[in-house]
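Have a look at the structure below, then the notes.
All chains are named by letter (A, B, ...) in the order of the sequence lines, taking the proteins before the strands, and each is independently numbered beginning at 1. The figures that follow rest on heavy atoms only: side chains count, while hydrogens, waters and symmetry mates do not. Here the structure is a predicted model, which is why all the values come from computation and not from measurement.
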Amino acid sequence: MLKTHNCGELRLSHAGQEVSLAGWVHRRRDHGGLIFIDLRDRSGLVQITVQPGRGEAHSVAEKARGEFVLKLDGVVRPRPENLVNPNLPTGEIEVLADSIEILNPAKAPPIPLDDDGYRTDEGQRLKYRYLDLRRARLQENIILRHKTIKFIRDYLDRLGFLEIETPMMIKSTPEGARDYVVPSRLQPGRFFALPQSPQQLKQLLMVAGYERYFQIARCMRDEDLRGDRQPEFTQLDLEMSFVDRDDVLAVVEGLVTALIPVVTPHKRIFEPFPRLSYAEAMARFGTDKPDLRFGMGIVDITDTLRRSEARVFAEPIASGGTVRAIVAPSSAGSSRKEVDTMTDLVKAAGAKAMATLAWTAEGVKGTAAKLLKDSEVSEIVRRLEAKQGDLACMVAGRADVASKALGALRLDFRDRLNLAPPDLLAFAWVIDFPMFEWDEEEKHWSFIHHPFTMPKQEHLDILETDPGAVLSDAYDLVCNGYELSSGSIRIHRRDIQARIFRSLGYSDEEAYRRFGHMLDAFEYGAPPHGGMAPGIDRLIMLLADEPNIREVIAFPKTASAADLMFDAPSELDPKHLRELHLQILE
RNA sequence: GGGGUCGUAGUUCAGUUGGUUAGAACGCCGGCCUGUCAAGCCGGAGGUCGCCGGUUCGAGCCCGGUCGGCCCCGCCA
């Protein structure tokens, strides 16, 4: 080893020790005589002091520049009290250099590395990711990620889970996300698909009798990106045999509640995680991934306005709709322009219009104030628990549309009014998902989770007659408005699996062609089983207080699924293409 | 697939109504400087205004296209 200690670990207790250090020049302060170098390695910074008249050490230090790689020998010494730097963990000491060696000079970095990097163009950061990753913030994120994954492995090992690898090259199926594919050289015209998740493989491991499986699994989906979506991402994939839903939830909830105090002790969580049904989440928050860090739930005030003379409310109700509302604190004084912006937002989410009631010092204002009787207003105050200073936003129309629009508005208030406490991780379970949803474009029922999800036992009878009413044993873990994990109890009986495929419009032949391996496997003693797959990237993002998952992935891709460092994807040379039996069109 | 937004020095930005030689800060280079820790002071270099085309006597600025970054909708079993 070129070094005896790490820069960031030196303390007063090391005073007097001879040390060798190696690292990067973080900053250099050259006083002509005295030269200070902040030397940085993975562990942090320490100040190196180089005095004149120390022979070569001083002349080498004069040549050193930012990001030069140095090795040095010196002695740790306490700083005089007035020279202590309280902002640095190593601030009570410094290392007086005896000799310095330049292991490698460096060009001036194209992006600043001594700040948090948020203000630097992300394209530049990604092009020079190997430099970007040097900044303390990203190193902390990557270390947090390591600690989290290490904790997960140890925790699940103690619970008797086995980590089992599954293949990256499997079979394309037309369901779900677009596949990334790999052409076969040995079998012309055939392709592997990269896994969107190891879903079928882990179920087959249950059939194979492994009972408790997990994997830190890379998943690939060729869909458009978002701040919380990359084309390849990492899941904690897990599956258990002989369990019901609550067994699976208990394992994941236990894991997460044990993890947080260890890796992010400054974070608060609710225990136990609240549970709400899909229907409840949609009605009260207009989404299946509610942010429960704050209140402002959606309230249904249809009954209050059913007989109202205000046609904007009465007419939608008469034709089967609802009136729903949220109450925003300290917003009664919102300007006309602000209310217009809110209206645009709910309209973009599908609502026809928005009405307001504002409880100001001068009385009740807002667009609905003059349309409603006093008795109606006071009933609304009671229902919404509105106070002086509050602003109620009301949307009339179809129940799902009204809730979705108000749900979007609720998040807008959250961001503008800073309603979400920054130290809170509001985990919650969303359960009782519907089995199917009607695909208006394709004119058929499609599954909400995936085709191996078990319908609720009591709904098996109506699978064929009323698919829209069938609930499943699927569940999501949500946190702060993100879907962190999805899972379900799976089908383990061939007859039920076949009925599911039929209800999705597949002929038995078609189903067998695509999923014969699953149907066959279920005939050889498949145990009841279920599991889930928390998204590691999103989890780390929330733990690290980062605004997107790129900040917690070492080498992420851009919104157009490109790698700016490699300049990938790239073209293949013609010889390579011929070998793969491929031809480029256009 | 659709919408929004940004693109000017290495970085972050300013740039008036279309008008002389495109500015600032930080960084970089050089000089001075023995207690700084965002060191300080003095000086200097650094620009295909993303790219292509158009309008105009004249374009960083106006118009069309295109490429790229980010955000949102669709999409993500």
Side-chain angles (χ1 to χ4, degrees), chain A residues 26-39 45-54 58 62 65-67 79-88 90-91 94 96 106-115 117-128 131-132 173-179 196-197 199-200 219-231 233 344-345 348-350 404 408 411-412 433 435-437 439-442 445-453 472 474 483 486 488 500-501 504 514-515 535 547-548 550 557-562 564 567:
Chain A
H26 191 66
R27 268 192 286 261
R28 194 182 67 115
R29 293 174 294 280
D30 186 347
H31 288 230
L34 263 188
I35 299 174
F36 299 100
I37 290 173
D38 290 338
L39 194 70
L45 293 180
V46 68
Q47 173 165 283
I48 310 300
T49 305
V50 189
Q51 290 177 331
R54 286 239 165 195
H58 194 263
E62 278 183 324
R65 293 292 183 273
E67 299 307 312
R79 298 196 198 185
E81 200 171 330
N82 58 322
L83 298 176
V84 164
N85 184 347
N87 302 318
L88 223 52
T90 59
E94 62 190 359
L96 183 62
K107 295 207 285 185
I111 52 173
L113 303 181
D114 55 358
D115 62 5
Y118 287 121
R119 284 157 40 83
T120 302
D121 176 69
E122 206 179 339
Q124 288 296 305
R125 290 179 53 205
L126 292 176
K127 181 176 178 185
Y128 298 100
L131 299 180
D132 194 42
T173 54
E175 287 72 22
R178 267 181 224 100
D179 287 315
Q196 298 173 24
S197 84
Q199 179 61 37
Q200 297 178 47
C219 306
M220 292 74 161
R221 295 179 188 175
D222 187 6
E223 295 294 344
D224 288 357
L225 283 69
R226 290 285 190 284
D228 62 349
R229 274 162 37 188
Q230 282 273 301
F233 60 100
D344 290 345
L345 202 145
K404 198 178 159 203
L411 295 184
D412 183 59
F433 276 76
M435 187 77 190
F436 304 107
E437 64 186 342
D439 186 333
E440 194 52 46
E441 269 179 37
E442 305 283 335
W445 290 99
S446 66
F447 29 79
I448 283 186
H449 190 49
H450 57 59
F452 312 108
T453 301
S472 70
E483 178 195 309
S486 268
S488 61
I500 295 293
F501 285 133
L504 293 170
R514 290 176 180 175
F515 299 105
N548 66 68
R550 294 184 301 277
K557 292 179 176 56
T558 67
S560 51
L564 297 181
D567 192 24

* Watson-Crick or G-U wobble mate for B/rC26, both contacts under 3.5 Å -> B/rG10

* Asked: Does the distance from a Lys or Arg side-chain N to an Asp or Glu carboxylate O, for A/E122 and A/R550, drop under 4.0 Å?
  -> yes

* Asked: Do A/N82 and B/rG35 have a side chain to base donor-acceptor pair shorter than 3.5 Å?
  -> no

* Identify whether the distance between the nearest side-chain nitrogen and carboxylate oxygen of A/R28 and A/D38 falls below 4.0 Å. => no

* Whole Å only: how far is the CG atom of A/L45 from the C1' atom of B/rU36? -> 14 Å

* Counting side-chain heavy atoms from C-beta on, which of B/rC76, B/rG35, B/rC71 comes nearest to A/R79? -> B/rG35

* Distance test, side-chain N/O of A/R125 to OP1/OP2 of B/rU12, below 4.0 Å -> no

* Structure fact -> A/E81 CD to B/rG35 C1', in whole Å, measures 16 Å

* Asked: OP1 or OP2 of B/rC29 sitting under 4.0 Å from any side-chain N/O of A/R65?
  -> yes

* Structure fact -> In Watson-Crick or G-U wobble terms, with both distances under 3.5 Å, the base opposite B/rA59 is none

* Check the distance between B/rU36's C1' and A/I48's CD1 and give it to me in whole angstrom. => 14 Å

* Any chance you could list the contact pattern along nucleotides 38-45 of chain B? Use B for base contacts, S for sugar-phosphate-only contacts and - for none, protein heavy atoms under 4.0 Å, 5' to 3'. => SB------

* Asked: Hey, does the side chain of A/Q124 come within less than 4.0 Å of B/rG10's phosphate (OP1/OP2), counting only N and O?
  -> no

* Any donor-acceptor N or O pair under 3.5 Å, side chains A/Q47, A/R27 -> no

* To do: Calculate the interatomic distance between A/L34 atom CG and B/rC32 atom P; express it in whole Å.
  => 16 Å

* Ignoring hydrogens and angles, answer whether the base of B/rG74 and the side-chain atoms of A/R226 contain a donor-acceptor pair closer than 3.5 Å. => yes

* Which of parallel (below 30°), tilted (30 to 60°) and perpendicular (above 60°) describes A/H31 and A/F36? -> perpendicular

* Structure fact -> Separation of B/rG3 atom C1' from A/D344 atom CG, nearest Å, is 14 Å

* Asked: With a non-hydrogen cut-off below 4.0 angstrom, is A/E94 in contact with a base, only sugar-phosphate, or nothing?
  -> base

* Asked: Out of B/rG69, B/rC76, B/rC28, which has the shortest distance to the side chain of A/S560?
  -> B/rG69

* To do: Starting at atom CG of A/D228, determine the distance to atom C1' of B/rC71, rounded to an integer number of angstrom.
  => 12 Å

* **Gap between atoms CD and P, on A/E122 and B/rU12 respectively (whole Å)** => 12 Å

* Is there a donor and acceptor pair, one atom on the side chain of A/R229 and one on the base of B/rC76, closer than 3.5 Å? -> yes

* ring pair (Phe, Tyr, Trp, His ring centres under 6.0 Å) partners of A/H58, counting only residues at least two apart -> none

* Report the distance from atom CD1 of A/I448 to atom P of B/rC76, rounded to the nearest whole Å. => 12 Å

* For residues 221-231 of chain A, which residue pairs qualify under side chain to side chain donor-acceptor pair (under 3.5 Å), counting only residues two or more places apart or in two chains? -> A/R178-A/E223

* With a 3.5 Å cut-off and just heavy-atom distances, do the side chain of A/Q47 and the base of B/rU36 make a donor-acceptor pair? -> yes

